[in-house]
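To start, the structure under review is shown below, and the notes come after it.
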There are 2 protein chains.
Amino acid sequence: MKKMIARKEGEKAKLKAKILETAREMVIREGFDGLSIRRLAEKIGYAPGNIYLYFAGRDEIAREICRQSYAEMLLAIEPAAKVKDPVGRLKALLKSYADFAEGRPETYKLAFMQDPKFNEVMFRQTAIDEETGAVQKAFRLIVDALDELKQVGKIDKRANTNLLAEVLWAGVHGVVSLKLIYPAFPATPTSTLVGTMIRTLLNGLRVERRAPGSGRSDR
Amino acid sequence: MKKMIARKEGEKAKLKAKILETAREMVIREGFDGLSIRRLAEKIGYAPGNIYLYFAGRDEIAREICRQSYAEMLLAIEPAAKVKDPVGRLKALLKSYADFAEGRPETYKLAFMQDPKFNEVMFRQTAIDEETGAVQKAFRLIVDALDELKQVGKIDKRANTNLLAEVLWAGVHGVVSLKLIYPAFPATPTSTLVGTMIRTLLNGLRVERRAPGSGRSDR
DNA sequence: GTCTATAGGCTGATAGAC
DNA sequence: GTCTATCAGCCTATAGAC
């Protein structure tokens, strides 16, 4: 039975992709609130009801776009993972992350600044498949770089690299998200802010008397 | 003419305050999207049309709530400004800021994570009056603490304290905003993340060979 | 000042003809 | 599969009676 409609399923998949692509454009241009079934249907030249043949509803489309966005983010930062020097790699990773946010503001807003309704699944540790695990993979890249820094003695042996990766991520996220919402507030250019953030944090992580990130590390 | 309706204006102001208060509760409970003129009117026991006697429209109400939120934020962090030790003061300021965000999530979302439509005015340097300037005042408190640190030689003389204040603010904002959207992502408790963020940044700012925040400081 | 009524939109989602 | 028509609801804002 499933075999018999193989060709049709192929066509179905095509239209489904077109719906998704168009929906994505709408979200990127107008934000998530600008995504309406009616206007989406009109754009692809179909009646509104047809959308429901491919998606359960508007929320499912939004979730799918979210998944794509995370995959895109991972794709954007992955090249930086090839940098050999762990310090340079860390900087490259975080800077490419910031560039991604700046270059695709609406995508970033949807994926990282929106109601968790559409993406809470993404951050679960149980997430495994290719796209869903994009955030975890990206996070891993940062932790790995920090672990290398620990091994070569550039940061304290006792440092909690998971915690530090979270702090670094949050720090860069803070700059780019604030910038996306209030282009005028941090008056300094994003690149300078991100650069200073990364440099200062890394500087603060160098081996000193006290172990940074060692506080309450075991919970 | 204005004198003659003085009493009435007093009553007007009272109802206006009630509208605002109710609207504020709605936003805090349901988010900005949950603020509707109809339900607002119903809650205060008036017909929808009456709202327009006091406010030009929904957006004006939202803007007013925003103004209040900024004032509230300043109020929340101001006590920390009394701490004598500049390091302790800086930590106290940023921690009370984080506490404010955590304690009033919807208020914080509205004021710092929403479309700039309602609050872009707040970040302008020209903003002068009491409430509108709340953000600038709060920012000043941070810059002042950093300037003191500079004077006592705890951070480099060449440091751009304005830039550093922006980085610190953005760093804390990054933690709290990420937490508000994805309670599960940074698995670490907010207080630990904020603590590590502040400690690491300050640690990175101590006088070293290189001046942190001195890069591209003059623009 | 306050009301009712309504204009004029928008929305997601569904039923049933073809 | 695709359509039209529609349900059922939301919304902001305004007009005009009382």
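These numbers come from the heavy atoms of this one structure, side chains and all, not from hydrogens, waters or symmetry mates.
Remark: P of C:dG12 and CD of A:E60 are 15 Å apart, rounded to the nearest angstrom. Distance, B:K14 NZ to C:dG1 C1': 16 Å, rounded to whole Å. A straight line from CG of A:L15 to P of D:dG1 spans 10 Å, rounded to a whole angstrom. Separating the CD1 atom of A:I51 from the P atom of C:dT11 is a distance of 13 Å, rounded to the nearest angstrom. Residue A:L53 contributes atom CG, which lies 13 Å from atom P of C:dA13 at whole-angstrom precision. The distance between atom OH of A:Y52 and atom C1' of C:dG16, rounded to the nearest whole Å, is 17 Å. One interatomic measurement links the two molecules: NZ of B:K18 to P of C:dG1, which rounds to 18 Å at whole-angstrom precision.
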Check nucleotides 3-5 of chain C against the protein and report each pair of N or O atoms closer than 3.5 Å, with its distance, or say if there are none.
unit_1: C:dC3; atom_1: OP2; unit_2: B:A47; atom_2: N; d: 2.8
unit_1: C:dC3; atom_1: OP2; unit_2: B:N50; atom_2: ND2; d: 3.0

Taking only N/O atoms, report every protein-nucleotides 6-11 of chain D pair under 3.5 Å with atom names and distance.
unit_1: D:dC11; atom_1: OP1; unit_2: B:S36; atom_2: OG; d: 3.0

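Between B:E30 and B:R39, at least one side-chain nitrogen of the basic residue sits less than 4.0 Å from a carboxylate oxygen of the acidic one, meeting the salt-bridge criterion.
At a threshold of 4.5 Å between non-hydrogen side-chain atoms, the residues A:L94 and A:I142 count as touching. Two residues are said to be in side-chain contact when any heavy atoms from C-beta on lie closer than 4.5 Å; B:T188 and A:N162 fail this criterion. Contact check for B:L90 versus B:L168: side-chain heavy atoms found under the 4.5 Å cut-off. Counting heavy atoms from C-beta outward, B:R89 and B:E148 have side chains that approach closer than 4.5 Å. Two residues are said to be in side-chain contact when any heavy atoms from C-beta on lie closer than 4.5 Å; B:Y108 and B:E102 fail this criterion.
Classification of the B:F112-A:Y182 ring pair by plane angle, with boundaries at 30° and 60°, yields perpendicular.
For CD of A:E42, the number of neighbouring non-hydrogen atoms (other residues, nucleotides, ligands) closer than 6.0 Å is 12 at most.
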